[in-house]
Amino acid sequence: MPTLTRAEAATRASLVDVESYHVDLDLTGTGDTFRARTVARFRARPGASTFCEFEPAAITSITLNGQPVPHTAVTGGRLALTGLAEVNELVTDATMAYSNNGEGLHRYTDPADGSVYLYQHLFINNGGRVLPCFDQPDLKASFRVSVTAPADWTVATNGQLVSRDGGRWEFAATERISTYLASLIAGPWHVRTDEHDGIPLALYIRATLAEQLDAQAPEIFEITKQCLDRFHEMFEIRYPFGHYQQAFAPEFNFGAMEYPGLIVLRDEFVPRSTITETEREHRAGVIAHEMAHQWFGDLVTMAWWDDLWLNESFAEYLGSRVAAEATRFTGTWTTFAIHRKAWGLRADQRPSTHPVAPSEVADTDEALMNFDGISYAKGASVLKQLVAWLGDDAFLAGVNAHFKTHAYGNATLADLLSALSKASGRDLSGWAELWLRRAQVNTLQLEARRDGDVYAEVALVQTAPEDFPTLRPHRIGIGLYDHAGGAVTRRELIETEIEATGRTVLPGLAGARAADLVLVNDGDLAYGKIRLDDDSSAAVPLLLPLLTDSLARAVIWASVLDAVVDGERPVAELVTLVLTALPAETETVIVEDVLRATRGLVDRYATAETRPAALDLVAQAADRLVASSEPGSSRQLVAARGLIGATLDTARLRAWLTGAAVPPGLVVDADLRWLILYRLTVLGAAGVDAIEAELAGDRTASGEQWAARCRASLPDPAAKEAAWAAVVGDASLSNRLVELTAGGFWQPEQRELLEPYVSRYFAEMPGMMRIRSGMSAEKTALAAYPTVMVSARTRELAAELLARPDLHPMLRRVVLDNDDDMRRALASS
Ligand SMILES: [Zn+2]
């Protein structure tokens with residue numbers, strides 16, 4: 001679909017006021033298309049001309065206010081509308097194309113049973129792929145949907161089902177919602193239903209995962225109910241969209257999407273193999289996140305994508321918070337500290353960094369690229385800090401006033417700030433300017449000057465990057481830890497507000513007995529790059545495993561990993577710390593994240609000579625974790641996954657595949673088998689025959705995806721050529737299969753073989769961007785980037801591509817950011 005600019009949207013909003021859409025879909029055809037008849041009712045400035053988004057495969061008829069409109073009025077994904085009356089009725093009858101990239105009406109065939117499933121994903125500008133519509137967030141309308149489909153299907157939409165007669169479904173009109181929030185699923189879905197507090201609940205999944213959903217539905221329903229209760233305690237407006245349905249859909253581009261009344265989540269959230277506690281916690285966080293959107297995003301929607309953060313930062317903050325407060329997953333802030341925040345900090349230091357709330361997002365392409373670590377994780381960190389500053393009562397009072405004023409409408413940053421200011425009595429304009437309007441991140445470094453065993457002075461030094469010289473106020477915790485008798489205890493936690501200055505002397509510490517470890521950002525309230533003082537850093541290897549607070553350990557690990565990324569510490573030091581300190585780690589999410597991040601850093605920061613030894617140490621650490629875990633535990637499984645990814649011991653991996661010498665309690669199920677096989681294919685210890693044999697026993701969606709990834713990873717010229725051709729040129733391949741093929745392609749073990757593909761990336765990606773669109777194109781460009789080919793030559797090629805004026809903005813951003821990551825890696829090696 002064509003990009004919509006901010007200016008076009010503003011002009012159109014001044015001309016048009018949309019009342020309703022009635023969409024009547026016929027999904028009974030067997031080809032690549034479906035029939036859509038739509039009646040759109042809207043008011044307009046009389047005599048005005050404008051357009052709506054519309055991309056039919058073939059047009060049967062178009063009428064505006066009863067008069068036929070020539071088919072030539074549709075060009076480039078837009079239908080020109082001229083001579084508008086005050087009250088208008090647009091009626092279209094057209095053939096529309098299904099998609100295979102997760103946008104529009106995505107059509108998926110389950111390889112296990114041949115069943116067809118459809119889901120609609122109109123976000124961010126794909127409304128015209130299903131119906132003619134004014135596709136921008138501030139032109140809300142009521143949607144009424146009718147569907148004709150095979151009689152043995154299940155169909156669901158945002159609206160409630162009014163009647164069903166054989167293969168004909170009629171749904172009630174929705175409240176006023178934005179076009180990007182109109183949702184629909186259709187197919188032989190397996191359904192589970194429940195009810196809570198007067199709200200009907202439903203879960204949907206494809207039939208081949210029915211058994212898994214049945215096993216996990218009690219937990220999913222329980223979390224849904226707990227979160228609904230918590231939101232009802234916090235918010236004065238009850239859940240506003242009738243029923244609460246959650247569909248787990250195949251090949252979904254996002255983790256999930258907050259469609260009012262019919263949330264869609266990727267079906268990987270209901271895995272067929274063993275599910276870890278980390279994965280369960282993540283799912284609970286996503287359920288809470290999408291529920292938060294029902295208010296932040298769906299009930300009150302940003303006017304334009306400038307205020308995307310009003311959706312995502314709030315949902316990210318409330319998702320972590322409500323999951324921690326209302327469900328058994330009380331450790332979500334530890335996950336946030338080690339995992340999500342690192343994502344935000346990295347994004348914030350790349351060339352593409354932008355403010356949490358940019359004053360102007362030019363078009364829908366730019367908006368799509370802003371669904372990044374800044375809009376989610378940085379924004380949520382900043383909100384967490386704001387709530388600590390305002391106090392929870394004032395924060396919730398402001399938010400509730402905001403909902404009340406703008407329900408079923410749109411709002412901006414200024415609207416929210418004025419509600420929060422009113423409720424708290426504090427002027428937020430200075431805070432918003434520094435935290436929401438300015439990009440980049442501060443470093444917070446502790447300086448502890450000693451006089452023998454006591455402190456002469458302890459200060460927190462705040463710095464900013466040269467190009468972004470903003471210093472900020474921070475609310476931050478400083479923990480003083482003592483080491484005695486084999487234990488580390490927190491003597492004191494100082495929670496303090498520091499000003500937007502370079503150096504703050506911490507009060508009350510001069511003359512105090514020096515601590516064995518001072519933890520900056522204890523409690524993880526602040527958003528910044530955290531650096532410990534020299535003595536504390538030196539004490540980390542010994543003391544880190546003895547800290548009893550998982551959040552404190554997460555803050556330290558995140559700081560250490562960040563210092564390696566910046567080249568302040570060698571990757572060899574990190575690997576040694578992993579070997580000495582990680583095997584004692586009890587928090588599964590920390591084990592998982594540190595193993596994954598370390599592995600990534602070894603791939604990019606170690607040289608060809610040092611890499612095997614570094615990997616071996618990571619594998620040893622993982623091995624110790626496996627051995628010291630309770631058999632069958634999540635910790636054992638994530639450690640085993642880490643071990644499989646790092647080990648060079650192919651004989652051991654082969655043995656596990658045959659069931660020999662498997663650690664007690666570790667279940668080598670379908671997905672773990674594939675992970676082992678993937679490692680063997682990367683190392684050249686298993687070939688195409690082994691992949692096909694595994695696939696023959698696993699003709700499922702997961703099996704197909706794993707096979708695609710394994711084939712791409714083979715150290716074989718013909719396999720590489722086939723995989724590359726698929727990534728850059730095969731538009732028939734679905735979004736998920738392309739991503740996984742690209743994801744298996746680059747392997748640090750195969751640098752020699754892969755060398756010719758570095759220049760091909762830069763030569764051929766512009767063409768790939770022409771055959772794929774939206775998020776699928778962006779994800780493919782990202783997954784196919786030669787991140788492991790760290791060299792000056794790769795950077796030169798990137799610079800040449802970036803010099804091309806016609807470069808697609810999404811590809812430009814991918815190359816710019818990845819090249820900057822490579823700059824750091826090169827500088828440190
Ligand atoms: Zn979200």
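None of the values given here were measured: they were computed from a predicted structure. Each ligand, and each atom within it, is numbered from 1 in the order the structure gives. Positions are given from 1, in the same order as the sequence printed here.
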Is it the case that Lys384 places NZ or CZ above or below the six-membered ring of Trp333, under 6.0 angstrom from the centre and within 45 degrees of the axis?
yes
Side-chain contact test, heavy atoms from C-beta onward, threshold under 4.5 Å: evaluate it for Leu413 versus Leu416 and give yes or no.
no
How are the rings of Phe241 and Tyr239 set relative to one another: parallel (under 30°), tilted (30 to 60°) or perpendicular (over 60°)?
perpendicular
For the Zn ion (ligand 1), find the closest N/O/S atom on His289 and give its atom name.
NE2
Please name the atom of Glu312, restricted to N, O or S, that is closest to the Zn ion (ligand 1).
OE1
Glu316 N/O/S atom closer than 2.8 Å to the Zn ion (ligand 1)
no
Whether Phe269 and His282 hold their rings parallel, tilted or perpendicular, with breakpoints at 30° and 60°
perpendicular
